[in-house]
Amino acid sequence: MSDPVLRLTDVSRVHGTGAAEVHALRGVSLEAYAGELVAIMGPSGSGKSSLLTIAGGLDSPTSGSVTVDGQDLGEAGISGRAKLRRTSVGYVFQDFNLIPALTAAENVALPLELDGAGRRSARDAARVALEEVGLDGFADRFPDEMSGGQRQRIAIARAIVGERRLILADEPTGALDTETGEDILKLIRARCDAGAAGVLVTHEPRYASWADRVIYVRDGLVVDEAGETPSTVFAVEVEG
């Protein structure tokens, strides 16, 4: 099997000091491979979101290491991590993190433009991504002109636009009805089947059922795992 797209090795994250010290993660190790969708489940406060923000380079571990597409995030520095997120990592936030002054297409195109893509090609790619999430008629609307579910789909389109090696999704269906949520999981699943690695945080077993593996966390620890990593067949196909 090829190297994982994402590797966390003995990652811990501690917030605060002394009596106020909180252990969000306690020596977590996991991997996600190209072609694989991994679901992370656990109760509120178990460390799921902390795991995802560290995997995406938005936060740094107190100890341990994180590697994305062969690059050690600890050695990449702030600018290196930011570039990685623009080019290789798609992140779906719980609270959308859209820029209100930009249209849907402009929000989706922004990572591509920041990485040097031409305005026209970036906007064309953004419109394709919006079509994929069912928002082809909303490209020129602003976030405050749309519902929570529509804003969530803009955030998902931004996460999948371009050549993303890793897709991180924190409760991506939280603002969506069941049917739309299933459509979004199909889209993320298709991206993984095409060669991306995906990590999905969810409370919903029906959405976790789309994953190849389900990892259960509690109190900052991995307590159980179900499923298997992809076979070597996929690695051979994409390399050949």
Side-chain angles (χ1 to χ4, degrees), residues 1-17 21-40 42 46-93 97 110-112 114-117 158-170 188 191-192 194-201 211-217 220-223 225 227-230 232 234-236 238-239:
M1 177 175 292
S2 59
D3 291 337
V5 176
L6 171 67
R7 173 178 279 149
L8 276 68
T9 305
D10 200 22
V11 166
S12 294
R13 182 66 173 101
V14 180
H15 299 284
T17 58
E21 189 172 274
V22 176
H23 290 260
L25 296 173
R26 304 169 183 263
V28 170
S29 296
L30 66 84
E31 299 172 343
Y33 290 84
E36 180 182 37
L37 177 59
V38 178
I40 310 292
S46 60
K48 303 186 302 296
S49 292
S50 292
L51 189 158
L52 218 60
T53 57
I54 287 174
L58 295 169
D59 191 15
S60 298
T62 304
S63 61
S65 65
V66 182
T67 302
V68 175
D69 207 16
Q71 184 170 3
D72 188 318
L73 297 191
E75 298 176 355
I78 294 174
S79 60
R81 291 193 293 271
K83 181 177 181 180
L84 195 70
R85 288 193 298 273
R86 291 196 305 269
T87 58
S88 300
V89 180
Y91 202 117
V92 184
F93 299 89
N97 278 17
L110 185 60
L112 301 180
L114 289 174
D115 199 50
R158 182 182 57 193
I160 64 173
V161 73
E163 299 297 326
R164 303 293 175 172
R165 292 279 292 148
L166 176 64
I167 297 174
L168 305 173
D170 194 356
I188 295 174
R191 278 294 192 274
C192 293
V199 181
L200 163 72
V201 166
D212 300 286
R213 284 188 291 142
V214 181
I215 294 173
Y216 300 91
V217 296
L221 295 165
V222 173
V223 295
E225 181 176 333
E228 298 180 354
T229 55
T232 56
F234 183 86
V236 170
V238 296
E239 290 170 2

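Below, all heavy atoms of this structure are taken into account, side chains as well, without hydrogens, waters or symmetry copies.
- Put simply, the side chain of R213 never gets that close to the backbone of G227: no donor and acceptor are under 3.5 Å apart.
- Residue K48 holds its NZ atom at 11.0 Å from CG of L25, rounded to the nearest 0.5 Å.
- Between the T62 side chain and the V14 main chain, a donor and an acceptor come within less than 3.5 Å of each other.
- In terms of heavy atoms, G35 sits closest to D212 at O-OD2, 3.9 Å.
- Heavy atoms only, all atoms of each residue included: C192 and L37 are closest at SG-CB, 3.9 Å.
- With sequence neighbours excluded, the residues that form a side-chain hydrogen bond (donor to acceptor under 3.5 Å, both in side chains) with E21 are H23.
- At a threshold of 4.5 Å between non-hydrogen side-chain atoms, the residues V217 and V28 do not count as touching.
- Taking the side chain as every heavy atom from C-beta outward, I188 and V92 never approach each other to under 4.5 Å.
- Judged by distance alone, with hydrogens and angles left aside, the side-chain atoms of R13 form no donor-acceptor pair with the main-chain N or O of S63 at under 3.5 Å.
- The backbone N or O of G57 sits less than 3.5 Å from a side-chain atom of R85, completing a donor-acceptor pair.
- In this structure, V66 and L6 have side chains that are in contact, with non-hydrogen atoms separated by less than 4.5 Å.
- Under the 4.5 Å side-chain criterion, counting only non-hydrogen atoms from C-beta, Q71 is not in contact with S88.
- Considering OG1 of T67 and CD of E31, their distance stands at 9.5 Å, rounded to 0.5 Å.
- Rounded to the nearest 0.5 Å, atoms CG (L114) and NZ (K83) are 13.0 Å apart.
- Pairing each heavy atom of L58 with each of Y91, the nearest pair is CD1-CE1, 3.5 Å.
- Contact check for E225 versus L30: no side-chain heavy atoms found under the 4.5 Å cut-off.
- Expressed to the nearest 0.5 Å, how far CG of L51 lies from CD1 of I40 amounts to 5.5 Å.
- Nearest heavy atoms, A24 versus S50: CB-OG, 3.6 Å.
- L52 contributes atom CG, which lies 4.5 Å from atom CG of L168 (distance to the nearest 0.5 angstrom).
- Side-chain contact between V38 and Y33: absent, with no pair of heavy atoms (C-beta onward) separated by less than 4.5 Å.
- Panel note: side chain T9, backbone G64; no donor-acceptor pair is recorded below 3.5 Å.
- Scanning for side-chain hydrogen bond (donor to acceptor under 3.5 Å, both in side chains) contacts around S49 gives D170, with sequence neighbours left out.
- Each of V161, L166, I160 was compared with R164 under the side-chain contact (heavy atoms from CB on, under 4.5 Å) criterion, and only V161 meets it.
- Scanning both residues, R191 and I167, for their nearest heavy atoms gives CB-CD1, 3.7 Å.
- Considering all non-hydrogen atoms of both residues, V11 and S65 come closest at CG2-O, 3.4 Å.
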